[in-house]
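Report on the structure given below.
Starting from 1, each residue takes its place in the sequence as its number.
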Amino acid sequence: MCRTLIAKRKSTLPNDAIDPNFRGNSATFPPRPSTPDWTFSQRHGLIVVVLSPVVANFVGSVFNILYNSQQIEPLLSAQQMARFESCWQWFNMVIYPLAVILFLIPIIQLRPIHRDLIDGRSVSEDVLKTSQRKVVNLPWWFLAVASVGWLICIPVFPLALASLDEPLSSNVVVHLTTSFLIASLIAVTHSFFAVELVIQQTLFPVFFQTGTPANVPGTAPMTISQRGLMWSASAVVSPVLSLVLLILVPDATESAPAFALVVAAVAVSFGMATSLLLGRLVATPVLELKRASLAVAEGDFSAQIKTLRADEFGMLINQFNSMITGLAERERLQATFGRHVGREAAKQILAAQDGVDYKSASGTLGGTKQLISVMFADVRNFTAQSADAPVDDVIAGLNLMFGEAVKIVEKHDGMINKFLGDGFMAIFGSGGVPSSDRQHADAAVEAGCELLARIDALKEDFEKLGWSQMKIGVGINTGIAMVGSIGAPERHEYTAMGDTVNVAARVEALTKSTGYDLLITGTTYDALSTAKNFVELPRQNVKGKSTSLQIYGAVNCD
């Protein structure tokens, strides 16, 4: 500090003090792989932390020495100069080594834990939490030790000189205060930022292999506001104060103007250095958040932020990662749910669930009456074709048909609501969830025609599976139905119910007797934007209806 703090600190530093990173909230920290991929700085993190404040303290000491030799020593008598020399020698032999020892105490305490974590050995939960607190609070410990080591010079040196019989000039007291104050601002603030930055890069990854520094109780990480105040002290207060004091204090050697330029250059240069360090501390997590946010916007939910911070950024990163995990889980749920009800339907159903109180008495999503188009499709003569066929071929044939059906129905914004043995039921509306805001009747007919054409195009594939006469019948009806979730509170099924659905099933059954592969009801016919490919058939009596049903047959689906 005042003179040769750095030399003493180097001589006291143990050469094998090492420490990188770690995480953990488990009772015993799980060992890492036998050959962990630690970087050199992480493997020797404790040494790097100890060396990180060297440059700033060295510059502060040089400034202090130059200032004393240029501004203070010419003002001292021979007796005062001897006392001054003995005073800084006493500091170099006692105070500064003591400050170095105090700074090394937590480093030495962390060393065995750090080595265990580096080597992949287990560490108990209590020991780990204590070590984590020390790591997070280490910059404050250094700040306290360094501040005391530097600022104690301000009262000690003037009192030591004042204790002599000779009168002490007030200019000497002002110069001493200026010298130590500016040197301490240069050394302490820059050292704090350097120590904090090094700890984040070398010790956090080792000591927080699980968990994050932001969740450790009993810590007081520096906030963004506090960093701003410290930056102001280093980059603004230090150079301005140094120049003001030099202007106010009489220049005993008439060299103050030139020396003021030197003081200003040193203070401003280190102020810029502080800005760079602070920029890294603040800009790095902001850039990481920006990168991850852009990745998530593009659908990449693996964009977790790896930066470990103990301050507000740490909490923000934790919440951001948790949000991404939740979005990824929702995407997985939507993809899984979509296999059952259709991807588009899954999106809307999950969106509806977000506004539902699952602790309500019913525990269900409920339903609404909506205008929909319902399709039923069924394999012709399935029993006869599958009676003597191998089970694997039957299942393969059905899967081939269902696979094409799912793609075609969803292509036309429909939703296959359920598979019915050798057939299926599909609902058409906006995104597969019924709505009256689009021509779902047209969509249902287009899907039915395309499915029939696709089955015919795959005739050879079905023949290889023993389905030489693969044909399906399709029936479509449009009308009002109850649409929503039914079932027990523990399990729901999203479906459509009512007469509209029943009639669609009955119409599909008529394909066997009428000879038409695709039949639609009069309500569907009336809802079509164009119906030139359909012919009117004789009215049909169907089960559950007291009056006959008007139906139309597709003569050309192209």
Checklist entry - Hey, mind stepping through Asp461 and Leu400 against side chain to side chain contact (heavy atoms under 4.5 Å, CB included) and telling me if it holds? => result CA-CA 9 Å; Asp461 294 324; Leu400 178 59; 4.0 Å; yes
Please answer whether the main-chain N or O of [Y] pairs with a side-chain N or O of [X] as donor and acceptor at a distance below 3.5 Å.
| X | Y | answer |
| --- | --- | --- |
| Trp141 | Pro106 | no |
| Thr524 | Ile520 | no |
| His440 | Leu371 | yes |
| Thr500 | Ile480 | yes |
| Asp442 | Ser529 | yes |
| Arg506 | Lys543 | yes |

Checklist entry - Is the shortest side-chain N to carboxylate O distance from Asp517 to Arg380 below 4.0 Å? => result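 Judged by the 4.0 Å cut-off on N to carboxylate O distance, Asp517 and Arg380 do form a salt bridge.
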Item to check | Cationic N near anionic O, under 4.0 Å, Lys129 to Glu125 | outcome: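 Glu125 and Lys129: salt-bridged.
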Checklist entry - Are Thr478 and Thr523 close enough, and set up right, to give a side chain to side chain donor-acceptor pair (under 3.5 Å), and what steps lead you there? => result CA-CA 6 Å; Thr478 301; Thr523 54; 5.0 Å; no
Next on the checklist: With heavy-atom distances below 4.5 Å as the criterion, would you say the side chains of Phe428 and Ile372 are in contact?
Outcome noted: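 They are not in side-chain contact.
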Checklist entry - Side chains of Ile455 and Lys471: closer than 4.5 Å at any heavy-atom pair? => result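 No - every pair of side-chain heavy atoms lies 4.5 Å or more apart.
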Checklist entry - Can you list the steps and then say if Tyr552 with Leu519 is a side chain to side chain contact (heavy atoms under 4.5 Å, CB included)? => result CA-CA 6 Å; Tyr552 296 80; Leu519 294 176; over 6 Å; no
Item to check | Met482 and Gln370: CA distance, side-chain angles, deciding distance, side chain to side chain contact (heavy atoms under 4.5 Å, CB included) verdict | outcome: CA-CA 7 Å; Met482 179 67 70; Gln370 298 189 38; over 6 Å; no
Next on the checklist: One pair to check against side chain to side chain contact (heavy atoms under 4.5 Å, CB included): Leu537 and Gln550. What are the steps and the verdict?
Outcome noted: CA-CA 7 Å; Leu537 301 179; Gln550 181 65 63; 5.6 Å; no
Next on the checklist: Under the criterion salt bridge (Lys or Arg N to Asp or Glu O under 4.0 Å), I'd like the reasoning laid out for Asp499 against Lys545: C-alpha separation, chi angles, the key distance, then a yes or no.
Outcome noted: CA-CA 9 Å; Asp499 186 61; Lys545 300 293 290 184; 3.1 Å; yes
Item to check | Exercise: identify the closest heavy-atom pair between Val474 and Gly448 | outcome: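 In terms of heavy atoms, the two residues are closest at CG1-CA, 4.4 Å.
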